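Okay, so here's the structure we're looking at.
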Amino acid sequence: MNFKENIFLIAFLPIVLLLYYILPKKARWGVLLASSLIFYILSSGIFTFIMLGTSVTIYVAGLLMQKINDNFKKQKSAEGITKEEKKLLKKKATNKKKLVVLAIVIINFGLLLTLKYGNFFLGMVNSIFGTAIPPLSLILPLGISFYTLQAVSYVIDVYRGTCKADKNFGRVLLFVCFFPQIIEGPIGRYDKLAGQLYEGHSFDYDKFMKGLQLMLWGLIKIMVIADRAGIFVSNVFEKIYDADGSILLLGVLLYTIQLYADFSGCMDLVKGIGQLFGIEMADNFKRPFFSTSVNEFWRRWHITLGAWLRDYIFYPISLSKFFANLSAKAKKNFGDFLAKFLPSAFALFFVWFINGLWHGAEVKYIVYGLYYYVVMMLGLLFEPLFVKITNALHINRKSKPYFVFQVIRTFLLVNLGMLIFRANTLADAWYALCAIFSKFNGDIFATSILSYKLHIYDFIVIAIGAVALFIVGVLQERGHHLRDEIAKRNIVIRWTIYFAALFILVIVGAYGEGYRVADFLYAQF
Amino acid sequence: MEKSKKLIIQRISKVICFLLIFTAFLGIGSKIFIPKKNSTEYGNKNYYGNSYHGERANSIDVVVVGNSSAYKSFSPLELWNKYGYTSFVCGAPAQKIQEGYYMLEDFFKEQKPKVVIYETEGIFNSYGKKIKSSYSKAKQDLIFLSNEIDGINATLDVVTANICPLLKYHNRWSSLKVEDFTLEPDYSKHYVSKGYVLTNKIKPYRGNKNYMQPSDYTTPIQYTNLCYLNKMKELCDKNGAEFVLMSSPLPRAWNDERHKAVKTYAEKNNIKYLDTNLSIDEMKIDWSKDSCDKGYHLNVYGAKKNTSFVGKYLTDNFKLTDHRGDKAFSQWNKDYKSYSKKIKKLK
């Protein structure tokens with residue numbers, strides 16, 4: 001089931017909302033759990049047991065760790081126990097908890113690796129050893145890449161003491177499978193989300209209306225801009241070797257717009273749905289194309305994935321004893337700069353390798369992740385040099401023109417990443433990149449642009465849509481809260497805006513005859 | 001308390017007003033966006049399938065409903081020429097069974113056919129992924145479930161588009177004309193081919209000639225499709241027409257697994273079923289000449305043979321009248337002449 005389909009919008013969601021608000025507050029979380037399970041079963045059938053299995057493992061792990069903690073506390077408070085013994089008990093308890101976390105990580109990531117990457121690794125084995133092991137018939141359960149990260153984060157948070165183990169299995173299960181977030185995230189954290197899911201929210205008219213508005217905005221982004229741009233992008237990348245460099249350049253730019261509009265639009269939909277139930281979910285986008293560096297871009301794009309990798313991969317590695325020692329040695333031998341740089345460089349390598357691999361079982365995704373790693377490392381390494389150069393040229397690094405330069409530079413670097421991400425193979429990406437510079441012919445562009453199944457009016461719609469996204473972005477960057485500001489206007493202005501948005505969606509939306517309901521792009525990862 | 005009551009009433013009124021304005025917009029929009037004439041220039045891409053509005057009322061004996069397999073396999077004017085029965089193909093590219101149902105419902109408003117034939121490829125190919133016998137049971141069940149959701153979704157799409165044509169024709173926004181704001185819809189334009197889409201292209205089918213070889217597996221029919229098959233049968237019963245299922249020769253799309261599914265359904269519901277795939281030799285279908293796209297569809301030569309065979313079946317099973325000598329049907333003779341000329345021209 002897709003959030004933009006009729007079955008969801010005019011059947012599933014209204015029924016769930018109605019049940020949620022007519023039942024007593026105490027039972028409301030039950031509605032969310034039941035509807036989430038139905039949503040999941042309808043999408044994954046018998047394979048729902050895989051998600052259930054994950055939920056059971058993290059639930060049991062949470063309880064086990066809680067038990068270890070309780071035992072430790074009991075033993076610690078026993079009479080006549082020495083400091084040394086307490087230390088030993090703590091060490092024992094920590095080791096036991098570590099074992100539990102390790103088991104959970106192995107089980108759940110093992111499952112993810114097998115189902116998502118099984119055939120990828122098998123292919124590698126075949127090509128290395130010259131074997132001919134046939135590919136496995138594997139099915140990827142809905143949202144496994146997202147809910148696995150979310151589930152593992154719960155266990156680590158319990159281990160760290162960020163949250164307490166939940167004794168209610170239903171609550172843990174709901175945290176894992178809450179239907180709005182199951183397709184594309186955001187990857188929630190137990191301490192921020194679980195309580196909200198469990199608490200029965202009263203109907204809040206203003207919040208409900210804001211949720212609907214956010215959903216409308218998300219649908220416009222997806223159906224007016226992304227799905228339309230997607231038609232051109234698919235056709236260009238299908239016939240990459242026939243296309244002129246100018247067409248390929250436009251294809252890459254439109255893919256960047258498509259992916260942003262699709263993914264951020266889906267997140268608006270998800271957040272909007274959450275708000276209908278009175279639930280606030282984590283932000284996943286914060287106007288990424290206003291970033292002045294690739295580093296910043298990744299703090300604004302798919303925020304919850306970045307935060308997960310930071311909290312559960314980067315910090316544990318960079319703050320580990322091994323890296324602390326390495327840093328100390330580097331400080332002695334190479335100075336302050338490298339002492340700081342080396343642990344980060346090592347830890348970030350894992351972060352970006354995993355980030356790339358998380359997106360898919362293909363070499364191009366690993367290269368995609370490592371591309372950002374290289375760009376960031378080069379940025380860090382050459383930062384002192386850049387400062388020197390700009391100072392020598394008397395360039396004010398805080399001036400507006402320099403900001404614009406940085407934003408454009410980041411945008412171009414991101415587009416290069418998008419090319420790797422979208423091309424069918426690395427060879428295709430390399431060809432397209434070369435063709436953009438060596439096979440660029442404006443005349444061919446003019447004559448062939450309409451042969452990619454998009455009418456000139458569609459290009460105009462995409463262009464207007466992109467400008468609208470930009471203007472909204474600028475206003476939000478300046479601190480405007482558009483929905484609140486619209487809500488303060490008189491009814492004529494307010495309704496004019498709402499109706500205009502609805503008309504745009506109904507009339508210009510890429511749906512119905514001639515269009516296929518496209519899956520959300522990030523749902524495949 | 002009074003204040004909060006007032007606020008609630010105010011909010012409910014606002015919501016109702018908003019919905020009323022939106023409904024009015026959908027209604028006005030539908031009036032504007034619906035194609036005003038039955039032609040591509042006016043935005044009616046499927047003008048051939050809709051052209052039954054251009055036929056004399058109550059003049060059609062047989063109607064064939066279905067997707068491209070229907071409108072490329074069955075030629076009403078060939079049936080006319082050989083048997084004198086009047087027929088029409090209510091088809092559309094990739095027509096969903098739900099669309100076929102509503103088209104038939106509309107057809108009954110103007111015509112009283114004695115026989116309604118549903119081309120069965122649409123039962124399996126209207127949406128969703130194909131279920132293959134080689135898949136594991138779990139995978140088959142998952143695809144079946146996913147197709148079922150798609151089926152319900154397709155039903156909602158078709159029903160909402162039926163209620164509000166703006167949702168179907170909104171893509172005309174860039175080609176609206178002044179007439180769209182002034183004219184009332186008029187689909188009475190007469191088309192010669194009666195829903196048949198003529199193609200004389202030859203792209204031979206070189207695959208397995210024995211594509212109907214028996215299989216242990218039976219392709220499951222989606223519940224949504226079963227439901228619409230039942231609805232079609234009920235509609236036919238209500239209008240006094242006999243409902244028949246027909247599978248056209250389609251080596252790329254048809255097989256024993258599908259045949260058995262339809263046969264079982266037909267037998268269970270006491271519906272006549274004709275699978276012409278079982279009579280390829282009798283029809284003298286030559287796969288090196290009779291397909292326009294390597295076995296996915298028939299061309300005009302294949303359609304001629306298939307129609308002739310269906311005509312014989314109709315003669316054997318129903319009491320249909322030969323109208324060839326009837327002056328009231330003289331237009332059919334004229335149409336056949338135009339049709340023949342067109343075929344000659346294509347050669």
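Quick caveat: nothing in here was measured; it's all calculated off a predicted structure. Chain letters run A, B, ... following the sequence lines, proteins first and then strands; every chain starts at 1. Hydrogens, waters and symmetry mates are skipped; everything else that's a heavy atom, side chains included, is used.
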Toward chain B, the part of A:I491 with a non-hydrogen atom under 4.5 Å: side chain
Is the backbone N or O of B:L7 less than 3.5 Å from a side-chain atom of B:R11, with the two atoms forming a donor-acceptor pair by type? no
Identify which part of A:I139 has an atom lying under 4.5 Å from any heavy atom of chain B, answering side chain, backbone, both or neither. side chain
Axial cation check for B:Y101 ring with B:K231, 6.0 Å and 45° limits: yes
If one checks every heavy atom of B:F18 against chain A at 4.5 Å, the contacting part turns out to be both
Turns out that what part of B:L26 lies under 4.5 Å from chain A's heavy atoms comes down to side chain
Checking B:R252 against B:Y296: charged group under 6.0 Å from the ring centre and within 45 degrees of the axis? yes
Given heavy-atom pairs under 4.5 angstrom as the criterion, report whether the side chain, backbone, both or neither of B:C17 touches chain A. both
Largest heavy-atom contact set with chain A, pairs under 4.5 Å, which of B:D141, B:I21, B:T160: B:I21
Honestly, the part of B:F25 sitting under 4.5 Å from a heavy atom of chain A is side chain
Which atom of A:I7 lies closest to which atom of B:N153, heavy atoms considered: N-OD1, 2.7 Å
When the 4.5 angstrom heavy-atom criterion is applied to A:I456 and chain B, the contacting part is neither
Ranking A:F47, A:Y457, A:Y498, A:Y205 by heavy-atom pairs under 4.5 Å to chain B gives rank one to A:Y205
Crowded around B:K168 NZ? As in, over 12 foreign heavy atoms under 6.0 Å? no
Nearest 0.5 angstrom please: B:Q95 CD to B:S68 OG, how far? 10.0 Å
Sort A:I507 into side chain, backbone, both or neither according to what part of it lies under 4.5 angstrom from a heavy atom of chain B. both
Does B:S146 reach the main-chain N or O of B:L142 with its side chain, forming a donor-acceptor pair under 3.5 Å? no
Would you say that B:H170 contacts A:Y511 through its side chain, given a criterion of any heavy-atom pair below 4.5 Å between the two side chains? yes
Most heavy-atom pairs under 4.5 angstrom with chain B, which of A:I41, A:I10, A:L42? A:L42
